[in-house]
Amino acid sequence: MPIWLFIVVSVIKSIILLFILLTAVAYSVWLERKVVGHMQNRWGPTRVGPFGLLQPAADGLKFLFKEDLTPPHVYKPLYIAAPMIAVVFALTSISVIPFGNSVTIGGYSIPFQVTDVNTGLLLILGVTSIGVYGVALAGWSSNNKYSLLGGLRASAQMVSYEISLGLSLVGVLIMAGSFSLRQIVDAQAGHFWGFIPRWNIFHGQIIGFFCYLIAAYAETNRVPFDLPEAETELVAGYHTEYSAMKFAMFFMAEYANMITVACLATLLFLGGWRGPVFGPPILQAILPVFWFFVKVFCFMFVYIWVRGTLPRFRYDQLMAFGWKFLLPLAILNLIGTAVAVAW
Amino acid sequence: MAHMTASPVLEPGQDRTMILNMGPQHPSTHGVLRVLLEIDGETVVRIMPDIGYLHTGIEKTCEAKFYQQVVPLTDRIDYLCPLTNNLCYVLAVEKLLGLEIPPKAQWLRVLLNELTRINSHLVWLGTHAMDIGAMTVFLYCFREREEVLRMFEMVSGQRMMTSYFRVGGIALEPPLGFFDRVRDFAGYFPEKVDEYENLLTGNPIWTMRTKGVARMTAQDAIALGTSGPTLRGSGVDFDFRRDMPYSSYDKFQFKVPISQEGDVFARYMCRVQELRESIGIVRQALDGMPEGPIKANAPHVVLPDREKMKTQMESLIYHFKIITEGFAVPAGEVYQAVESPRGEMGYYIVSDGTAKPYRVHMRAACLANLQTLPTMCEGRLIADVVAAIGSIDIVLGEIDR
């Protein structure tokens, strides 16, 4: 493939992906409101469009036209930079995620992925770590006590759960022997006894998946680990002083992170885009992507389900849980996997 | 409290502490309570509740009203249990007047009071759970509360500000179908309580957040003058309905749930069990509802029936007199306490022999209960303060009056 064509294809893919991701972010908010609503004897959004489907558009417009208030007591450069850091790095990590195999157009094989980095997983972990800065800086630069407490909670929580998150993934890496997400998925091909898929979750990584699930909830600040924005304690936590589009950026970052985490879980534990593939060539190209989205959707649904069910941890309990339970469990899982693979 | 000053200002300490102002507009201060916290990191060093943001002047307003005109004002004292306020006020005035209330009115009062307790506890459970992050329980509770409010609307025409009790009885006969509706509700409500408990009682996160949190000993609870579930959660077995019965409560069988631990979970368990006991009392009241009049035989106090007022001269005269110049109450003073959902609600009324009270004072259970906040929370985390405020179930309307 000539270099100019590669660039053109990459740009087109980036644009499409960004469009899909932002739409997914908007509609996961809609989905959450709808699902939680039905769990709680409510309807969720119903007014804008059929089933409230245009609600995300209305919300987006509202955010755009709201007054962008900058309180006088903030430290401006960081106050403005913080939401951007959060949203940019939340959106970046999606670029190395493969959604399916590849299609062949005009003799060129084009993968369903913006770029296939051979250390894709490390890139995602690194980029999401930088995302913490957005939250911490927002809390500090707002110069507000609630924001500060929220920012402190967020950074402490994200840093401590990142370790468990990373360790829970190492088991998968040992089994696949690669950092490339595509190769990790390829390693999960096939079936046990002809019908149980050889996904990592069924292949000895159930504890790893469990650790990942919990750490991921904490990483994305979701119930029951939503302390940084615990509205009944800290009003709105680190984004108390933010309004309009700046607030929307934090909101987008949170949901984009959720989607990234769901994609990662699908790739590493749930066999990625693997699923029954049949029919004509066009269907064979589309179906893997479809299975991928189905799995991501299921993971997101669990997120929402948990939110509708559980109360919130307390700060010290959250830290104790992370360091005294989750981290040892992740290490045990890692040792167990290593022993099993070496043997 | 040593650090209470006339103008509530907390200065930050010399070293690393910070003053955090919670409220009066804050999601979990249940109305307009303001709490000043001196915090060291997330640990609360000192805590100071500041009240008075919902002062309505109702106590003073009462002095300018006829006795029967005070009833609607009492609704607005503790707006989560208006009927309990109505009851306490009319009982106090009836005591001054020496009125004999017919049994049907008394049983209806008990029935409605227990429904009010359910209503109030449902709001408490929902908001308390939401403070700790369980949002779904809140909406489940409000689903059942809606039905209770509809029943109130059925009897009194109002969902919240009921004003249904009168000095000498009850305003109107309950409409047709009311008792069936209550019976229906009493039938399915225990299942709903199971549903709330499924979401909370055994939930490890819920127990982690509530067990051992904001502990208060029985001695402290008595010394600070607490009452109601806040007192019983600390293991003190006292309930006005059983120990100083009023309005025929002595004719009902019910248990008074107590817990020994004195923490948030103990108070939670007390109230949840009270929900079940209350529905039992409602059932007993329905089954044993006596026949007879709903108003006392005291024509100078109780408004005559509409029918009689239109057809009989004497009734018309009484009606005119009561409406225009009220009824005189013998001089004296009286204190009447009832068990409100929050504890001891008391009305102290001084009469100078005229048709208007000389002084009406409400003893608010929440005011005393709120005093326990520093005892419960100092040295604990911010999140525990929220849990503690939720667990004492305050209503600011009652505190500020």
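Numbered from 1 within each chain, the chains take letters A, B, ... in sequence-line order. Side chains included, hydrogens not; waters and symmetry mates left out as well; all remaining heavy atoms used.
- A:R314 has its side chain within reach of B:V213: a pair of non-hydrogen atoms, C-beta onward, lies under 4.5 Å apart.
- You'll find the side chain of A:R312 stays beyond 4.5 Å of the side chain of B:M135, heavy atoms only.
- Ranked by non-hydrogen atom pairs under 4.5 Å with chain A, the options B:A134, B:G390, B:A387 are led by B:A134.
- Here A:N41 contributes atom CG and B:E146 contributes atom CD; the two are 11.5 Å apart, rounded to the nearest 0.5 Å.
- Under the side chain to side chain donor-acceptor pair (under 3.5 Å) criterion, A:E219 pairs with no residue at all, not counting sequence neighbours.
- Residue with the most contacts toward chain A among B:V385, B:V137, B:N203: B:N203 (heavy-atom pairs, distance under 4.5 Å).
- One distance of note links CG of B:D384 with OH of A:Y315; it measures 14.0 Å at 0.5 Å rounding.
- Counting non-hydrogen atoms of other residues, nucleotides and ligands closer than 6.0 Å to OH of B:Y188 gives a total above 12.
- The closest side-chain heavy-atom distance from B:R209 to A:F313 is not below 4.5 Å.
- Taking the side chain as every heavy atom from C-beta outward, B:I19 and A:K145 approach each other to under 4.5 Å.
- Put simply, the side chain of A:Q40 never gets that close to the backbone of B:Y140: no donor and acceptor are under 3.5 Å apart.
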Please assess B:M22 against A:Y146 for the test side-chain contact (heavy atoms from CB on, under 4.5 Å), listing each intermediate value before the final yes or no.
-> CA-CA 10 Å; B:M22 256 171 122; A:Y146 289 116; 3.5 Å; yes
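- With rounding to the nearest 0.5 Å, the separation of CD1 in B:I382 from CZ in A:R153 is 6.0 Å.
- Residue pairs meeting the salt bridge (charged side-chain N to carboxylate O under 4.0 Å, His left out) criterion with at least one member in residues 190-201 of chain B, sequence neighbours excluded: B:R143-B:E195, B:D194-B:R276, B:E197-B:R276.
- Residue A:K66 places its NZ atom among 12 or fewer non-hydrogen atoms of other residues, nucleotides or ligands, all under 6.0 Å distant.
- With contacts defined as side-chain heavy-atom distances shorter than 4.5 Å, the pair A:V36/B:T136 does not qualify.
- Here the CG-CG distance, from B:L381 to A:D316, works out to 5.0 Å after rounding to the nearest 0.5 Å.
- Put simply, the side chain of A:L310 reaches to within 4.5 Å of the side chain of B:I205, judged on heavy atoms.
- By the 6.0 Å contact criterion, OH on A:Y133 is open, its count of non-hydrogen atoms from other residues, nucleotides or ligands being 12 or less.
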